[in-house]
Asker: 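Have a look at this one.
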There are 2 protein chains.
Amino acid sequence: MTAMTFTIGEMCAEFGVTPRTLRFYEYKELLAPIREGQKRLFTQRDCARLKLILRGKRFGFTLDEIKDLLDLYEVDPTMLTQIAATMEVARRHHAEMISRRDELNAAIADLEGYMAEGKRILAARPKTEAAA
Amino acid sequence: MTAMTFTIGEMCAEFGVTPRTLRFYEYKELLAPIREGQKRLFTQRDCARLKLILRGKRFGFTLDEIKDLLDLYEVDPTMLTQIAATMEVARRHHAEMISRRDELNAAIADLEGYMAEGKRILAARPKTEAAA
DNA sequence: AAGCTACCTTACGTTTACGTCAATCAAAAA
DNA sequence: TTTTTGATTGACGTAAACGTAAGGTAGCTT
């Protein structure tokens with residue numbers, strides 16, 4: 001087994017983040033690269049976690065919340081009470097995401113309404129040439 | 001016409017925000033309450049805008065972005081080139097919202113998968129009593 | 001040995017969106 | 001009239017998520 005690890009530079013290139021970001025995530029205990037002397041070696045596990053981190057960020061979860069989710073995603077299958085607890089966290093996040101999506105859908109519909117209105121106005125009076 | 005205006009306190013109670021927030025929004029030119037002497041009087045228009053502001057915030061738009069949107073929602077129907085320009089902004093926001101929603105949907109599906117897994121585990125080994 | 005490259009730590013800077021005093025003022029209540 | 005209530009304007013503080021020097025090290029290559 002080559003164990004397949006990545007340097008910080010490789011990780012940055014792969015995921016489009018800066019070294020600073022990865023060190024920050026380590027400091028925040030979202031990642032836990034192993035050390036070879038001073039240098040960090042990022043494992044497959046770190047890669048998987050980073051993917052989740054970046055995705056989580058895209059819909060507005062804080063890093064702390066993401067940490068909770070990551071912990072959830074790595075439940076030790078024997079610790080049932082742990083699972084039950086993390087399921088609670090999951091439910092909250094799930095509910096929040098659902099309601100966010102619903103609001104987002106409403107807002108999208110809203111915006112589409114306004115855009116339709118705008119189009120109508122522009123179509124009605126094609127005074128100036130407007131390139132698409 | 002009573003003109004129906006609200007004091008800052010009434011607004012806060014109504015929308016669950018602090019005075020500081022409303023003053024900040026005014027400073028940022030998101031709201032424009034009229035002044036009676038020193039005091040701010042918030043109009044229906046301010047209420048409508050505040051609703052949009054709060055909604056915008058919930059899905060991660062910055063106040064600056066929200067300002068753009070608010071401006072869009074108040075297009076002067078005679079300025080056609082203005083409309084065309086704001087339509088551009090609208091399209092960008094629309095696209096962003098769509099992609100956000102799609103990602104959110106994916107994440108929701110993901111999380112539901114993990115939750116189902118958790119449930120399965122808990123169901124398989126009902127060792128400890130877990131109150132819902 | 002010199003230089004380059006990629007990495008490291010420490011630590012202060014930055015932006016967003018307000019929170020939190022502090023001092024002041026005016027109208028309403030006691 | 002004094003007190004309370006609610007408002008005002010500064011102005012500094014804060015948390016999140018990094019950015020950005022500044023200076024140090026370790027390993028190659030020439």
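A, B, ... follow the sequence lines: proteins, then strands. Residue 1 opens every chain. Keep in mind the model is a prediction, meaning the values are calculated, not measured.
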Asker: Please give, in whole Å, the distance from dC8(C) P to E36(A) CD?
Answerer: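 Checked: the CD to P distance equals 11 Å.
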Asker: Below 4.5 Å, heavy atoms only, C-beta onward: do L22(A) and C12(A) meet side chain to side chain?
Answerer: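 With C-beta onward as the side chain, the pair touches.
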Asker: May I ask you to evaluate whether R35(B) reaches the phosphate of dA7(D), defined as a side-chain N or O under 4.0 Å from OP1 or OP2?
Answerer: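 Result: no.
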Asker: Kindly confirm or rule out a cation-pi arrangement of R100(B) over F61(B), judged by NZ or CZ under 6.0 Å from the six-membered ring centre and within 45° of its axis?
Answerer: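 Cation-pi check for R100(B) and F61(B): passes.
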Asker: State yes or no: do I34(B) and F6(B) share one hydrophobic cluster built from I, L, V, M, F, W and Y residues joined by side-chain heavy-atom distances below 4.5 Å, directly or via other members?
Answerer: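 Different clusters: I34(B) never reaches F6(B) through Ile, Leu, Val, Met, Phe, Trp or Tyr contacts under 4.5 Å.
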Asker: With sequence neighbours excluded, what pairs up with R20(B) under the salt bridge (Lys or Arg N to Asp or Glu O under 4.0 Å) test?
Answerer: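 With sequence neighbours excluded, R20(B) shows a salt bridge (Lys or Arg N to Asp or Glu O under 4.0 Å) to no residue whatsoever.
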Asker: Mind calculating the distance between OH (Y27(B)) and P (dA17(C)) to the nearest angstrom?
Answerer: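 The distance from OH of Y27(B) to P of dA17(C) comes to 13 Å, rounded to the nearest Å.
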Asker: Would you tell me if any nitrogen or oxygen in the side chain of R40(B) comes within less than 4.0 Å of OP1 or OP2 on dA7(D)?
Answerer: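 Checking dA7(D) against R40(B), no side-chain N or O comes under 4.0 Å of OP1 or OP2.
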Asker: Check the distance between dT16(C)'s C1' and F61(B)'s CZ and give it to me in whole angstrom.
Answerer: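 My rounded result for the distance is 16 Å.
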Asker: May I ask you to evaluate whether T7(B) reaches the phosphate of dG6(D), defined as a side-chain N or O under 4.0 Å from OP1 or OP2?
Answerer: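 No, because none of the side-chain N or O atoms of T7(B) sits under 4.0 Å from OP1 or OP2 of dG6(D).
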Asker: Quickly work out the E65(B) CD to dT15(C) P distance and round it to whole Å.
Answerer: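 So the two atoms are 17 Å apart, to the nearest Å.
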Asker: If two hydrophobic side chains count as joined below 4.5 Å and joins carry through other members, does Y27(A) share a cluster with M11(A)?
Answerer: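 Looking at the clustering, M11(A) is in the same group as Y27(A).
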Asker: Just compare dA17(D), dC8(C), dT9(D) and give me whichever is closest to any side-chain atom of K57(A).
Answerer: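 Nucleotide nearest to K57(A)'s side chain: dA17(D).
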Asker: I'd like to check the salt bridge (Lys or Arg N to Asp or Glu O under 4.0 Å) partners of R45(B); sequence neighbours left out, ordered by chain and number.
Answerer: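 In terms of salt bridge (Lys or Arg N to Asp or Glu O under 4.0 Å), with neighbours along the sequence ignored, R45(B) is linked to E74(B).
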Asker: Going by atom type alone, with no hydrogens or angles, which donor-acceptor pairs under 3.5 Å involve a side-chain atom of residues 107-114 of chain A and a protein atom two or more places apart or on another chain?
Answerer:
from, atom 1, to, atom 2, distance (Å)
D110(A), OD2, R55(B), NH2, 3.1
E112(A), OE2, H94(B), NE2, 2.7

Asker: What string of B, S and - do you get for nucleotides 22-29 of chain C 5' to 3' if you count protein non-hydrogen atoms under 4.0 Å?
Answerer: --------
Asker: To the nearest angstrom, how far is M11(A) atom CE from dC8(C) atom P?
Answerer: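 Rounded to whole Å, this separation is 12 Å.
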Asker: Quick check: do Y25(A) and L63(A) have side-chain heavy atoms less than 4.5 Å from each other?
Answerer: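 They are in side-chain contact.
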Asker: Among residues at least two apart in sequence or on other chains, which ones pass side-chain hydrogen bond (donor to acceptor under 3.5 Å, both in side chains) with T62(A)?
Answerer: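 With neighbours one apart ignored, the set is empty.
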Asker: Rounded to the Å, how far apart are F42(B) CZ and dT8(D) P?
Answerer: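 Nearest whole value for this atom pair: 7 Å.
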Asker: If you only use heavy atoms from C-beta on, which nucleotide in dA17(D), dA7(D), dC8(C) is closest to the side chain of I8(A)?
Answerer: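 When the side chain of I8(A) is considered, dC8(C) is the closest of dA17(D), dA7(D), dC8(C).
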Asker: Near DNA chain C, under 4.0 Å by heavy atom, which residues of residues 16-26 of chain B?
Answerer: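 When residues 16-26 of chain B is checked for heavy atoms under 4.0 Å from DNA chain C, the hits, listed by number, are T18(B), R20(B), T21(B), F24(B), Y25(B).
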